[in-house]
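Shown next, in structure tokens, is the structure this report addresses.
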Amino acid sequence: MEKTILAIESSCDETAAAVVRGTEVLSSVVASQIDLHALTGGVVPEVAARAHLQQILAVIDKALLGYKICHLDRIRKSADEWRDLKERDPSTRLLNSNRLGMTRPKDLIKYIDYIAVTQFPGLIGSLLVGVETANALGLAFSKPVVPINHYSGHLFSFLPAVKKVAWPVLTLTVSGGHTSLYFLKSLNNYIKVGSTRDDAAGEAFDKGAAILGLSYPGGPAIEKVALGGDPNKYKLPRPMLREPGFDFSFSGLKTALIKLKEDIGSAAKVEDLAASLQEAIADSLAGITKKALLYYKPKALALVGGVASNSRVQGKIEEVAQTQNIEFYLAPKGLRTDNAAMIGIAAAMTIKDNEVNRDTFKEASARVNI
Ligand code: KG4
Ligand code: ZN
């Protein structure tokens, strides 16, 4: 039976907790710090860490409450389903007690099998809050704590959107902190085939927005403004397309955009500049992904990470999959920007893997170091 996992994510500017079972998300809560960081136009690590401290226990409580509601809903459905559920998950019996309605969220931790937490990479002060909270809960409730790499969280975040995965899958991760291509032969056998040499795609949106005087985070702001602009008005560079390999590079876009803005001066329309920038980023992502598809010949292409919400990027990447006649998987909306559900799903994969291969099971311990 799939294990029930409480997952915690606090690597950057989202305080998040979730309860998952396998790839099924039972509850997911994200407390975003966007408003706080909009004041400074970017994340100030010290401010982020303090905000995590203020939010984390309430966010975990809310995720456990969501788990309880999810269970109660299922129990109420029908006697047959209830019997089914009970067979599949003995913990349901305990949760069906009359006392459940009054159970405090923290008492629900006893129904959790594992606690998963983002261990790396991220802002050290932010990570510490999540890791030490997970350690404390693990110690207090005698639960094993599973350290998860944030990247692997993004990597598997398309799974809830797919019934039966067509392996192998090429995954394009596009977020604020990283841009990479992974070739996934199966859940526990994957290799990195390319990554950014400098800025991430999300960073290119964020820095581009700052240059254009748009709000933080830049991605959604650029997408909104670009709707009223001409994407072919200005030709910004599409680097790395003719280089060997499958690496990306976005830092040159900043300089090109600053120069372009200066050259056109007051005649510059922010809508056209935003649309041209978005087009250059989407073209670069699509072009390099296509090269990798032709080389690795996967059966499916997955798009994950915060930038996966951009419709122009989505459209171009889906088109690449269509032209190669392979399946296209998009991470579900709530699992694109940082969240704890994806950390829980990655933990479920790790636990499954370790149960098969007991040698590596030592990774799950009551103490996660940072
Ligand atoms: O995955 P995520 O939370 O970041 C990291 O894990 O690093 O994604 C955040 C990034 C930000 O750079 C944000 O500007 C970008 O995703 N983003 C978008 C959109 N929504 C979020 N970029 C382009 N278009 C969007 N609609
Ligand atoms: Zn992330």
Side-chain angles (χ1 to χ4, degrees), residues 2-34 43 48-49 51-70 105-106 108-109 111-123 126-138 141 143-161 173 175-178 304-306 308-309 331-351 364 368 370:
E2 299 279 8
K3 303 290 185 202
T4 306
I5 301 166
L6 168 67
I8 299 170
E9 151 68 39
S10 69
S11 64
C12 187
D13 58 347
E14 325 276 4
T15 318
V19 178
V20 308
R21 195 172 292 147
T23 58
E24 192 186 2
V25 181
L26 305 176
S27 76
S28 177
V29 178
V30 180
S32 173
Q33 301 176 5
I34 281 180
V43 180
H52 283 306
L53 258 185
Q54 283 161 358
Q55 300 271 14
I56 197 144
L57 292 179
V59 166
I60 293 171
D61 265 11
K62 216 169 159 192
L64 288 168
L65 205 64
Y67 169 48
K68 178 172 104 171
I69 291 165
C70 174
K106 87 174 167 58
L108 288 163
I109 295 187
Y111 306 113
I112 298 289
D113 299 306
Y114 289 86
I115 297 171
V117 64
T118 303
Q119 183 195 28
F120 180 83
L123 303 172
S126 293
L127 285 166
L128 271 170
V129 176
V131 167
E132 282 312 297
T133 306
N135 278 334
L137 291 176
F141 294 93
K143 304 288 174 193
V145 180
V146 189
I148 294 296
N149 182 307
H150 183 84
Y151 294 158
S152 60
H154 279 298
L155 203 58
F156 293 120
S157 63
F158 66 91
L159 288 175
T173 307
S175 74
H178 37 272
V304 304
S309 285
K333 201 163 185 287
L335 271 75
R336 291 180 203 152
T337 43
D338 289 348
N339 63 90
M342 68 181 192
I343 302 302
I345 292 166
M349 302 304 134
T350 308
I351 291 162
V368 173
I370 196 163

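Predicted model only: the values in this text are computed from it and were never measured.
- Looking at D113, its side chain does come within 3.5 Å of a backbone N or O of T4 through a donor-acceptor pair.
- With values rounded to the nearest 0.5 angstrom, L128 atom CG is found 9.5 Å from L53 atom CG.
- For S11 (side chain) and G122 (main-chain N/O), no donor-acceptor pair under 3.5 Å exists by modelled atom type.
- Partners of F141 according to the side chain to side chain contact (heavy atoms under 4.5 Å, CB included) rule, which considers only residues two or more places apart in sequence or in another chain, are I109, L137, K143.
- For L57, the side chain to side chain contact (heavy atoms under 4.5 Å, CB included) partners at least two apart in sequence or on another chain are T133.
- The structure places CE of M342 at 12.5 Å from CG of L159, a figure rounded to the nearest 0.5 Å.
- Here the CD1-OH distance, from I5 to Y114, works out to 8.0 Å after rounding to the nearest 0.5 Å.
- No side-chain heavy atom of E2 sits less than 4.5 Å from a side-chain heavy atom of V20.
- Considering all non-hydrogen atoms of both residues, A49 and V129 come closest at O-CG2, 3.8 Å.
- Between A331 and R336, the shortest heavy-atom distance links the atoms O-NE, 2.8 Å.
- Within the 4.5 Å cutoff, side-chain heavy atoms of L64 are placed close to those of I112.
- What you find for V117 and I343 is that their closest heavy atoms are C-CG2, 4.1 Å.
- For H154, the ring pair (Phe, Tyr, Trp, His ring centres under 6.0 Å) test picks out H150, H178, with sequence neighbours left out.
- Side-chain contact check for T118 versus I148: every heavy-atom pair is 4.5 Å or farther apart.
- How far CG of D61 is from CG of L108: 9.5 Å, rounded to the nearest 0.5 Å.
- Using a distance-only test at 3.5 Å, with no hydrogens or angles considered, no donor-acceptor pair links the side chain of S28 to the main chain of A18.
- Side-chain contact between Y151 and P121 is present, with heavy atoms from C-beta onward closer than 4.5 Å.
- Atom OG in S10 sits 5.0 Å away from atom CD1 in I56 (nearest 0.5 Å).
- Contact between V43 and A48 at its shortest, heavy atoms only, is CG1-CB, 3.9 Å.
- To the nearest 0.5 Å, atom CG of residue N339 and atom CD of residue E9 are 7.5 Å apart.
- A 4.5 Å side-chain heavy-atom check between V304 and L335 finds every atom pair outside the cut-off.
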